[in-house]
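Reading through the structure tokens given below for one structure.
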Amino acid sequence: MTGTRRRRADAELTRQSIFRATNLLVQERHGLDFKLADVAEAAGIGAATVYRHFNSVHELCVELHRSIYDELSADFERITAESTGLRRFLSVCDHWVTSSVDWGAVAAYVRRGEGYLQQLRRGDPLVERFHASLDTAVRGLVAEGIVPEQDHDYAIMMWITMFDERAIFDLRATLGWTDERIARTLARHVLAVLTTDVEHYTARL
């Protein structure tokens, strides 16, 4: 390994260490009420090292949030490649809930000003990748006749809304639901939304 490649590898290891420490702090303090110096202490590295990577806690958490969704997209891509139809959809739902144990707190407290579809239309590569992985699952549901053909952007936005990290966290922490119960209950509600004959009911309004 060349010196440049080694330095890049070391820098990435440091970033991951910072991310892990930040995630723990967010969970412990139930929010973003900490400083970069706290992150450095939790990670066991010097504060100057953290400042070389990030200028503020907000910047750090935004980058961590993006890193989480990039990894989640990769997981969804693997799942969608290994299964089809309803099984694919349920596998994505299961993984979404179980993996949120590790990153749900950060996602819940770090919110962007733009809406999901606004980010998609703007061409955010992270959102586009995440969207594509879910779109594959939606197409599988349509292909098997489980849900009717519809606007996929709307379908995915409803799926994301149902699986909001704050809702998952609340069901787990407050109601004491198991991850399996959360995943299957929310999955049923997503399917209910996507299969409801809205025109039939709204025609009388």
* **Q150 side chain vs A155 backbone, donor-acceptor pair below 3.5 Å** => no
* Non-neighbouring partners of R87 that pass side-chain hydrogen bond (donor to acceptor under 3.5 Å, both in side chains), sequence neighbours left out -> none
* Asked: Under 6.0 Å from the CD atom of Q16, do we count more than 12 heavy atoms belonging to anything else shown?
  -> yes
* Of all pairs that satisfy salt bridge (charged side-chain N to carboxylate O under 4.0 Å, His left out), the ones with a partner from residues 125-137, not counting sequence neighbours -> D70-R129, E77-R129, D135-R139
* To do: For E41, enumerate each residue passing the side-chain hydrogen bond (donor to acceptor under 3.5 Å, both in side chains) test, keeping only those at least two apart in sequence or located in another chain.
  => none
* How would you list, by chain and number, every residue that makes a side-chain contact (heavy atoms from CB on, under 4.5 Å) with T84, sequence neighbours excluded? -> R88, E144
* **CG-CZ distance between L90 and R188, expressed to the nearest 0.5 angstrom** => 10.0 Å
* **Check: Y116 and I156 side chains under 4.5 Å, non-hydrogen atoms** => yes
* Roughly how far, to the nearest 0.5 Å, is CG of L134 from CG of D153? -> 11.5 Å
* Are V193 and Y154 side-chain neighbours, meaning at least one heavy-atom pair lies under 4.5 Å? -> yes
* To do: Measure the CE-CG distance between M162 and L186 for me, rounded to the nearest 0.5 Å.
  => 7.5 Å
* Less than 4.5 Å apart, any side-chain heavy atom of F76 and any of T136? -> no
* Can you label the angle between the W159 ring and the F163 ring as parallel, tilted or perpendicular, going by 30° and 60°? => perpendicular
* To do: Determine, using the 4.5 Å side-chain heavy-atom cutoff (strictly less than), whether F169 and L171 are members of one ILVMFWY cluster.
  => no
Under 3.5 Å, which donor-acceptor pairs link side chains of residues 18-34 to any protein atom two or more places apart or in another chain?
from: T22; atom 1: OG1; to: I18; atom 2: O; distance (Å): 2.8
from: N23; atom 1: ND2; to: D102; atom 2: O; distance (Å): 2.2
from: R29; atom 1: NH1; to: D33; atom 2: O; distance (Å): 3.3

* To do: Would you check if the side chain of S67 reaches a backbone N or O of E63 as a donor-acceptor pair within less than 3.5 Å?
  => no
* Structure fact -> Contacts of T49 meeting side-chain hydrogen bond (donor to acceptor under 3.5 Å, both in side chains) (sequence neighbours excluded), chain-then-number -> R52
* Asked: Do the side chains of V39 and F54 get nearer than 4.5 Å, heavy atoms only?
  -> no
* To do: Tell me, please, which residues at least two apart from R181 pass salt bridge (Lys or Arg N to Asp or Glu O under 4.0 Å).
  => none
* Measure from the side-chain N and O atoms of S17 to the backbone N and O of L13, and report whether any donor-acceptor pair falls under 3.5 Å. => no
* Asked: Which residues pass the side-chain contact (heavy atoms from CB on, under 4.5 Å) test with E149, sequence neighbours left out?
  -> V142, H152
* Would you confirm whether S133, through its side chain, and F130, through its main-chain N or O, come within 3.5 Å as a donor-acceptor pair? => yes
* Structure fact -> Rounded to the nearest 0.5 Å, the CZ atom of R15 sits from the CG atom of L64 at a distance of 9.5 Å
Show me the donor-acceptor pairs, under 3.5 Å and distance only, between side chains in residues 92-101 and residues at least two apart or in other chains.
from: D94; atom 1: OD1; to: R184; atom 2: NE; distance (Å): 3.2
from: D94; atom 1: OD2; to: R184; atom 2: NH2; distance (Å): 2.8
from: H95; atom 1: NE2; to: D75; atom 2: OD2; distance (Å): 2.9
from: T98; atom 1: OG1; to: D94; atom 2: O; distance (Å): 3.1
from: T98; atom 1: OG1; to: H95; atom 2: O; distance (Å): 3.3
from: S99; atom 1: OG; to: H95; atom 2: O; distance (Å): 2.7
from: S99; atom 1: OG; to: W96; atom 2: O; distance (Å): 3.3
from: S99; atom 1: OG; to: W103; atom 2: NE1; distance (Å): 3.2
from: S100; atom 1: OG; to: V97; atom 2: O; distance (Å): 2.5
from: S100; atom 1: OG; to: R172; atom 2: NH2; distance (Å): 3.1

* Asked: What distance do T178 atom OG1 and I182 atom CD1 have between them, rounded to the nearest 0.5 Å?
  -> 6.5 Å
* Asked: Of all residues at least two apart in sequence or in a different chain, which pass the side-chain contact (heavy atoms from CB on, under 4.5 Å) check with N55?
  -> E59
* About how many Å separate NE2 of H131 and CG of D124, when rounded to the nearest 0.5 Å? -> 12.5 Å
* Where the side chain of D38 meets the backbone of K35, is there a donor-acceptor pair that is under 3.5 Å apart? -> yes
* Asked: Taking C-beta and beyond as the side chain, do D170 and L175 meet within less than 4.5 Å on heavy atoms?
  -> no
